[in-house]
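Input: a single structure, listed below in structure tokens.
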Amino acid sequence: MKTLFFNSTSRSLFSVIGGVVALLHPTFPFILVCTLMVLADVYTAWSLSKRVKRKFPNANDGKFKSIYFGRVFMTLIKIYVLIILAFLIETFVFEGLQIRLTNIIACAVCFWQSWSMLENESSCSDEKWAKILQKILVDKTERHFDVDLSELDKKNND
């Protein structure tokens with residue numbers, strides 16, 4: 001009797017999981033691309049922390065801590081939910097219209113992550129291209145590592 005219940009419950013559970021996977025299957029490429037963009041942003045943030053530590057030995061520790069993993073994990077969850085909701089709205093609400101909400105959301109996430117990667121790569125860099133980008137983008141060195149950049153600006157202007 002116990003085996004019959006387990007088999008019946010298992011079959012029902014796997015049927016539901018299979019149905020959800022089949023329904024959400026079209027979102028997987030968008031989720032993959034957005035996940036790769038977030039991971040690339042994490043890598044550039046880690047690279048920035050290494051540059052800051054070399055340039056300012058007394059700066060805050062730039063190691064990847066569990067709290068940062070939690071933030072990345074929550075960001076990924078929010079992106080996944082947003083993509084899935086956009087797909088469901090596109091499929092069931094705007095059923096006859098040619099609105100590609102999933103593409104728009106994935107494009108917005110990729111733009112956001114690309115912008116963040118450019119900020120990470122241009123921050124705390126003395127390269128010419130980085131100096132040009134620093135006029136447009138935010139320098140994350142001061143905000144994330146408690147390094148006072150105003151003193152550096154005074155030295156450069158003197």
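Note that the coordinates shown come from a computational prediction; the quantities given were computed from them, not determined experimentally. Along the sequence shown, residues are numbered consecutively beginning with 1.
Atom OG1 of Thr9 is separated from atom CZ of Arg11 by 9.5 Å, given to the nearest 0.5 angstrom. Atom CD1 of Ile83 and atom CG of Leu24 lie 11.5 Å apart (nearest 0.5 Å). For the atom pair Ile132 CD1 and Ser122 OG, the distance stands at 11.0 Å (nearest 0.5 Å). From Met37, atom CE reaches atom CH2 of Trp112 across 10.5 Å, with rounding to the nearest 0.5 Å. One distance of note links OG1 of Thr44 with CG of Leu118; it measures 9.0 Å at 0.5 Å rounding. Summarising the geometry, atom CD belonging to Glu90 is positioned 6.5 Å from atom CG belonging to Asn103; distances are rounded to the nearest 0.5 Å.
Linking Ile, Leu, Val, Met, Phe, Trp and Tyr whenever their side-chain heavy atoms come within less than 4.5 Å leaves Val38 and Leu36 in two separate clusters. At a threshold of 4.5 Å between side-chain heavy atoms, the hydrophobic network of Ile, Leu, Val, Met, Phe, Trp and Tyr places Ile77 and Leu39 in two separate groups. Under the 4.5 Å side-chain heavy-atom criterion for grouping Ile, Leu, Val, Met, Phe, Trp and Tyr, Leu32 is not connected to Val21 through any hydrophobic cluster. If you chain together hydrophobic residues whose side chains sit under 4.5 Å apart, Leu85 and Val93 never meet in one group.
Phe111 CZ: 12 or fewer foreign heavy atoms inside a 6.0 Å radius.
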- Task: Would you please test Thr35 and Tyr80 for side chain to side chain donor-acceptor pair (under 3.5 Å) and show each step?
- Result: CA-CA 9 Å; Thr35 301; Tyr80 298 162; 2.7 Å; yes
Please walk me through it: do Leu23 and Thr91 pass side-chain contact (heavy atoms from CB on, under 4.5 Å)?
CA-CA 10 Å; Leu23 174 68; Thr91 304; 5.8 Å; no
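Ring planes of Tyr43 and Trp46: tilted class, angle from 30 to 60°.
With a 4.5 Å cut-off on side-chain heavy atoms, Asp41 and Val72 do not count as touching. A 4.5 Å side-chain heavy-atom check between Cys110 and Val33 finds at least one atom pair inside the cut-off. Contact annotation: the side chain of Phe87 never approaches that of Ile105 to less than 4.5 Å [non-hydrogen atoms, C-beta and beyond].
In this model, a donor atom of one side chain and an acceptor atom of the other lie less than 3.5 Å apart for Ser47 and Arg51.
The two residues Ala40 and Met117 come nearest to each other via the heavy atoms CB-SD, 3.5 Å. Shortest non-hydrogen contact noted between Ile79 and Cys34 is CG2-CB, 3.8 Å.
Partners of Gln113 according to the side chain to side chain donor-acceptor pair (under 3.5 Å) rule, which considers only residues two or more places apart in sequence or in another chain, do not exist here.
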